[in-house]
Structures are given as C-alpha cells and as structure tokens.
Amino acid sequence: MATRAAQRRERIYVDGEWLETENAISVSDLADGGTFAQVTAADPATAHAALEAAHEIKPRMRETTVVERAQWCETIAEDLREREEELAEVIVREAGKPISSARGEVTQAAERFDRAAEEARNIVSKGEFREGSTEGHEGWQAIVKHEPIGAVLCITPYNYPLATTALQVAPALAAGNSVLLKPASKTPISAAILADVVSEVEGIPEGAFNFVPGDASEIGDVLAGDDRVNAIAMTGSSGAGKHVARESGMVNLHMELGGNAPAIVFEDADLTDVAGNCAKGSFKYAGQRCSAVSRVLAHESVHDDLVDLIDGQMDAWQPGDLFEEDTTVGPLISEDQADWVETLVTDAVEKGADLVRGGERRAPDGVTDDLESQFFEPTLLADVPHDARIVDEEQFGPIAAITPFEDEQAALEIANGSDLALDAAVFTNDYKRAMRVAERVDAGAVRINGAPSHGMGDVPFGGNKDSGIGREGLDASIHEMMRTKSIVL
C-alpha cells in the first residue's frame, strides 16, 4: 500500500490566477478511507468571471497558429508523464481505481494530448478549394478553412477523471479554443493537477484555460446556460446530459452519455474467448464505464455453457488493496451507487434470474468502516428475464447479466429495447451474420468478436438515442470544436 499522501488543498484557476472562495469540496479517499483532499468550490460570481475570461480571449486564441497550439499540447503531455506517480496515486484515491489502471489512465491522457497536436496539424492543413458549379456562380472560387469555434465548456465524469478530461481539453486547445473545465465533484484533484500543468506552459494566454470545480447545483446552469459558451463537451449520465441540453441554448453539443452495451453471443462463437471478453467488459473498474458490457445476450443453446465459463473467470476479478499491482476491482464511487446496483440485482432475482455468484455488499479484509458499504461483489446472473430492469437500464456496477434469446430477430429486439444506445458487441464466426447484426443494432459503435472499447479515440465513438449527441475521438472531437468559413475570391 502506498504511503498516504498529505492532505491536499487545490484552488480554482481563472484568467491566469489561482483563486479561493469561502467554500470547498471534500474529496473522499477510496483507498484508505476518510478525506484526502479539498478543492475550492467556485460560486456563481467566480463562474461568471471564468466565462468572461474565456470570452474575452477568443480573438487572441484565433490568432494563434496550429504550430503554437501543437507545441502547447506536446508540452502538457510531457509534463503529465513527469507527474505520473503523483497523478496515479490521486486517481487511485479519488476514483477508487486499481493502481495499474490508474497508471494506464495517465499514459492515455498524455498520449491524447500528443495525438491532438497531430490531428490539429492535419486538419488545419487540409482546407478546401472550391469552384462555383451552379448557374450564377460561374467563375466563383472559394477557400473553405477551419477556425476555432470559440469557448468550450468541458464537463467531465468521475470514472476517468484524467483520461476523459484529456479527450475533451486536448482537442479544444489544439483547435484554438478557450476552455472552461468543470470536473466531477467526486474526482476533481487530477483535473486540478492538469490545471497546474497547463498554467505552467509558456505561451498559453491568460484566460485560455479556466478550471472551475464546484457543485453542479451552484454553477452548472450558470456555465451551461451562458451565451458566451460556443460548445459543450460532456461525458455523464443521460439525465444530466438532457438537463444541460435544456439549459444550453444555441451551442454545439458534444455529449457521450449513458451506456448499456449488449454483447450478442451466437451459437457458433468461440465461447472461451467470449467469456474472457465479457468478464473483462463487465468487471473492469467495477463496471463503472459507459462502454462496459452491461448485458450478455446468449443464444439459448450456449447460455448454460457460457455461464459456466464466465463463472470460471471471476476469481481473477475480485476486490483488493488498490495499491497492489494485481488488484482488479475496487469500491464503487459512492454508497448511493452501490444502493443502485443492489436494487437492479434484487429486481432481477425477484423476476426469476438465477444468482450464480456474488450479489452481496461485501468488502475485502482491511477496508475501513466508512468504505465498506461502497463495495459490491462481482456478480453473475443467469437466465435473466427480458423484463428485468438490468436488461434496459444503465447499471455502472460489477454485474454480468446473461439473458437467453431464441434467434437473431429476438436478440435484436432485446438489444434495441433500451433507451440507451452507445456500444454493442457481436460474437459469431459467421461474417455475413456479424455484419448484418452490426448494421441492425442501434448503437454508436459495434465491435465484432471483442468487448467494446473506446481506446485512444482514434476511431469515432458516441451514442444514439439517450446515449449522446455527436461523435468523440481526437479527430472527430477537433472537427466538432472547429467551424468552417468560406472565403469567396
């Protein structure tokens, strides 16, 4: 176990200055219990100051070159790598993520800044030349070029507090926008370290990056509803996303929201491979991922065999000391989240699901009393009926819920029955069926013979229905954070 870090106190960063207010957010230590940090909470007045700073700097940011902005991003990436151990420990404590995953998140965040620099150079260098092709426009010549959209509000989640933040902030800065970063209140410390890194980068104008942690009830609507914001990048729940959309007005919305990914398993699939993919897809980071495999739809002829194989994988996915390298599962982010997972499991069992393994609030040895209620055992449910809530609702917990289907059409009806449509997976050795089902599943991304994964964001991802608006990824996000201008010669 790592030595407990000294109590941290982080501040707001607005218009090039570090600020304090009377209020602070306490951040729970999900590794050792208690509180390990505080961050100053922005009030509405501070939020308005940040909005004004981000707005006033827009003309200056439009004058920056892609070479300058790429250098900023590369410097940020280098500095994040230099602070890897500090950031990894913070992510373990604030997010409850095992240390190996936390280090991977720092690596991923740094690489996203590097890739944003590459993508910005690529996009800006590829403007268009067009000639008029309609009557009355004969002889017209035009240049279509990219320019920054303006001020981007980044609203980030608790489950990947640094990597997802990088996925929003890096393309926003690389595209030449000013940024307002509002982190999740449960996990603001890694974002505060990022703010410190950005503040030290030579050349970034004051006001171009603003860090405004705070309670959503206090500053959320102030930020999202202000017409000085030109785009909102958000990762969060569907309910929160809908609220922001109602408040935001005429801005470019770039949202990845809730997920309930089905893994559709046909009778000809390699079940050993399926079991490994589904176990990892369901239990990694205790299932607290938008792309998690939330329900396994198994053909009735292989349902029982697949249950046994996933059961055999579960010893590798058990909670332990978060600072041990071989720990794979930690606590849920809060007691309320554990309550929600318990509700879904209870509902499934009451409706006839077979509880094969787990299903209890049980913490590993050595956990402090204040954290015990946040642990939920990795759980395997079989023969889950189609009307169980867990089949259609986002769980964000360590649950593998397996439900049988009769044929391809039935599998599609179950998969498409949810209001959530972010990711899906199809497991089969029949290429034609794989493509046919992938095209008919309502999801923003479908992976064939593998668990959903957003990776570095080199492939666009995002949701349909209540799972979001637009597509994310370094290339996709930069396009969303720029606008085009046609100059007719």
Exercise. Before accepting this row, confirm whether a basic side-chain N of the pair Arg121/Glu118 lies closer than 4.0 Å to the acidic partner's carboxylate O.
Key: no
Practice problem: Look at the side chain of Asn252 and the backbone N and O of Glu480, then say whether any donor-acceptor pair between them is shorter than 3.5 Å. | Solution: yes
Quiz item: Taking the side chain as C-beta and beyond, is there a heavy-atom pair between Leu332 and Phe375 under 4.5 Å?
Solution: no
Quiz item: Is there a donor-acceptor contact under 3.5 Å from the side chain of Arg447 to the main chain of Ala451?
Solution: yes
Quiz prompt | Distance (rounded to the nearest 0.5 Å) between Leu223 CG and Glu247 CD | solution = 11.5 Å
Exercise. Begin with the C-alpha distance, continue with both residues' side-chain angles, and end with the deciding distance and a verdict on side-chain contact (heavy atoms from CB on, under 4.5 Å) for Val384 and Arg295.
Key: CA-CA 9 Å; Val384 178; Arg295 50 209 172 120; over 6 Å; no
Practice problem: Please round to the nearest 0.5 Å and tell me the distance separating atom CD1 of Ile204 and atom CG of Leu173. | Solution: 5.5 Å
Practice problem: Establish, yes or no, whether the cationic atom of Lys182 lies under 6.0 Å from the six-membered ring centre of Phe211 and within 45° of the ring axis. | Solution: no
Quiz item: Can we say Asp29 and Arg93 salt-bridge, meaning some charged N sits less than 4.0 Å from an Asp/Glu carboxylate O?
Solution: yes
Self-check item: Contacts of Asp339 that satisfy side chain to side chain donor-acceptor pair (under 3.5 Å) - sequence neighbours left out
Solution: Arg361
Quiz item: So, the side chain of Glu105 versus the backbone of Leu162: is there a donor-acceptor pair under 3.5 Å, distance only?
Solution: yes
Exercise. Any chance you could measure Gln337, atom CD, to Ile333, atom CD1, to the nearest 0.5 Å?
Key: 9.0 Å
Quiz item: What pair of heavy atoms forms the shortest contact from Ile99 to Ala88, and how long is it?
Solution: CD1-CB, 4.0 Å
Quiz item: Where does the angle between the aromatic ring planes of Phe461 and His454 fall among parallel (under 30°), tilted (30 to 60°) and perpendicular (over 60°)?
Solution: parallel
Exercise. State whether the number of non-hydrogen atoms from other residues, nucleotides or ligands found under 6.0 Å of Lys465 atom NZ is greater than 12.
Key: yes
Quiz item: Taking all atoms of both residues into account, what is the closest heavy-atom pair of Gly463 and Leu422, and its distance?
Solution: N-CD1, 3.5 Å
Quiz item: Donor-acceptor pair, Ser178 side chain versus Ala54 backbone, under 3.5 Å?
Solution: yes
Quiz item: Taking NZ, NE, NH1 and NH2 as the nitrogens, is one of them in Lys186 or Glu94 under 4.0 Å from a carboxylate oxygen of the other?
Solution: no
Quiz item: Ignoring hydrogens and geometry, is there a side-chain-to-backbone donor-acceptor pair from Arg389 to Ala348 under 3.5 Å?
Solution: no
Exercise. Write down the atom of Leu181, the atom of Ala191, and the distance for their closest heavy-atom approach.
Key: CD2-CB, 4.0 Å
Quiz prompt | No-hydrogen, no-angle side-chain donor-acceptor test under 3.5 Å, Ser477 and Gln168 | solution = no
Residues 39-49 side chain polar contacts: donor-acceptor under 3.5 Å, at least two apart:
from	atom 1	to	atom 2	distance (Å)
Thr40	OG1	Glu10	O	3.3
Thr40	OG1	Glu20	OE1	2.8
Asp43	OD1	Ala45	N	3.3
Asp43	OD1	Thr46	N	2.8
Asp43	OD1	Thr46	OG1	2.5
His48	ND1	Arg228	NH2	3.3

Self-check item: Exercise: identify the closest heavy-atom pair between Ala261 and Ala292
Solution: CB-O, 3.3 Å
Quiz item: Can you find a pair of side-chain heavy atoms, one from Asp79 and one from Val198, that are under 4.5 Å apart?
Solution: no
Quiz item: Can you find a heavy atom in the side chain of Trp72 that is under 4.5 Å from one in the side chain of Thr64?
Solution: yes
Practice problem: Supply the atom-to-atom distance Leu167 CG to Glu256 CD, rounded to the nearest 0.5 angstrom. | Solution: 8.5 Å
Practice problem: On the 0 to 90° scale, with breaks at 30° and 60°, tag the Tyr13-Trp18 ring pair as parallel, tilted or perpendicular. | Solution: tilted
Quiz prompt | Glu17, CD: over 12 other non-hydrogen atoms inside 6.0 angstrom | solution = no
Quiz item: Hey, is the main chain of Ala279 close enough, under 3.5 Å, to the side chain of Ser282 for a donor-acceptor pair?
Solution: no
Exercise. Decide yes or no for Ile478 and Met481: does some side-chain heavy atom of the first lie under 4.5 Å from some side-chain heavy atom of the second?
Key: no
Quiz item: Under 3.5 Å, is there a donor-acceptor pair between the Ser294 and Glu394 side chains?
Solution: no
Quiz item: For Val106 and Arg83, what are the C-alpha separation, side-chain angles and deciding distance, and is it a side-chain contact (heavy atoms from CB on, under 4.5 Å)?
Solution: CA-CA 9 Å; Val106 180; Arg83 298 178 71 167; over 6 Å; no
Practice problem: Salt-bridge test for Arg357 and Asp315: reply yes if a basic N is under 4.0 Å from a carboxylate O, no otherwise. | Solution: yes
Quiz prompt | Modelled atom types, side-chain donor and acceptor of Asn416 and Asp442, under 3.5 Å | solution = no
Exercise. Using atom types as modelled and distance alone, determine if a side-chain donor or acceptor of Glu89 lies under 3.5 Å from a backbone N or O of Glu86.
Key: no
Practice problem: Kindly give the heavy-atom pair with the smallest separation between Ser190 and Ile91, and that separation in Å. | Solution: CB-CG1, 4.2 Å
Quiz item: Nearest heavy-atom pair of Thr327 and Asp321: which atoms, and what distance?
Solution: OG1-O, 2.6 Å
Exercise. Run the salt-bridge test on Asp475 and Arg115 with the 4.0 Å N-O cut-off and return the result as yes or no.
Key: no
Quiz item: Going by atom types alone, do Gln38 and Ser26 pair a side-chain donor with an acceptor below 3.5 Å?
Solution: yes
Quiz item: Salt bridge check: are Glu325 and Arg103 linked by an N-O gap of less than 4.0 Å?
Solution: yes
Self-check item: Asp114 bridged to Arg81 by N-O distance under 4.0 Å
Solution: yes
Practice problem: Would you check if the side chain of Asp392 reaches a backbone N or O of Asp419 as a donor-acceptor pair within less than 3.5 Å? | Solution: no
Exercise. Keeping the roles fixed (side chain from Asp347, backbone from Thr343), state whether a donor-acceptor pair exists under 3.5 Å.
Key: no
Quiz item: Would you say the side-chain atoms of His55 and Asp226 include a donor-acceptor pair closer than 3.5 Å?
Solution: no
Quiz item: Should Leu19 and Arg11 count as side-chain neighbours, where that means a heavy-atom distance under 4.5 Å?
Solution: no
Practice problem: Might you work through the side-chain contact (heavy atoms from CB on, under 4.5 Å) test for Phe113 and Glu74, ending with a clear yes or no? | Solution: CA-CA 6 Å; Phe113 275 97; Glu74 288 163 352; over 6 Å; no
Quiz item: Are side-chain N/O atoms of Lys97 and Asn159 paired as donor and acceptor at under 3.5 Å?
Solution: no
Exercise. Would you sort out whether Ile399 and Ile390 count as a side-chain contact (heavy atoms from CB on, under 4.5 Å), showing the intermediate values?
Key: CA-CA 9 Å; Ile399 314 299; Ile390 203 167; 3.7 Å; yes
Exercise. Could you tell me whether the side chain of Ser237 and the main chain of Ala240 form a donor-acceptor pair under 3.5 Å?
Key: yes
Quiz prompt | Within-4.5 Å side-chain heavy-atom neighbours: Thr21 and Ile12 | solution = yes
Quiz item: Should Ile402 and Leu380 count as side-chain neighbours, where that means a heavy-atom distance under 4.5 Å?
Solution: yes
Quiz item: So do Lys58 and Asn230 actually touch side chain to side chain, heavy atoms under 4.5 Å?
Solution: yes
Quiz item: Are side-chain N/O atoms of Asp370 and Thr368 paired as donor and acceptor at under 3.5 Å?
Solution: yes
Exercise. Enter the distance from Ser291:OG to Asp423:CG here, rounded to the nearest 0.5 Å.
Key: 5.5 Å
Quiz prompt | Residues that His254 engages under ring pair (Phe, Tyr, Trp, His ring centres under 6.0 Å), provided they are two or more places apart | solution = none
Exercise. Nearest 0.5 Å please: distance from the CG atom of Leu344 over to the CD atom of Gln395.
Key: 7.0 Å
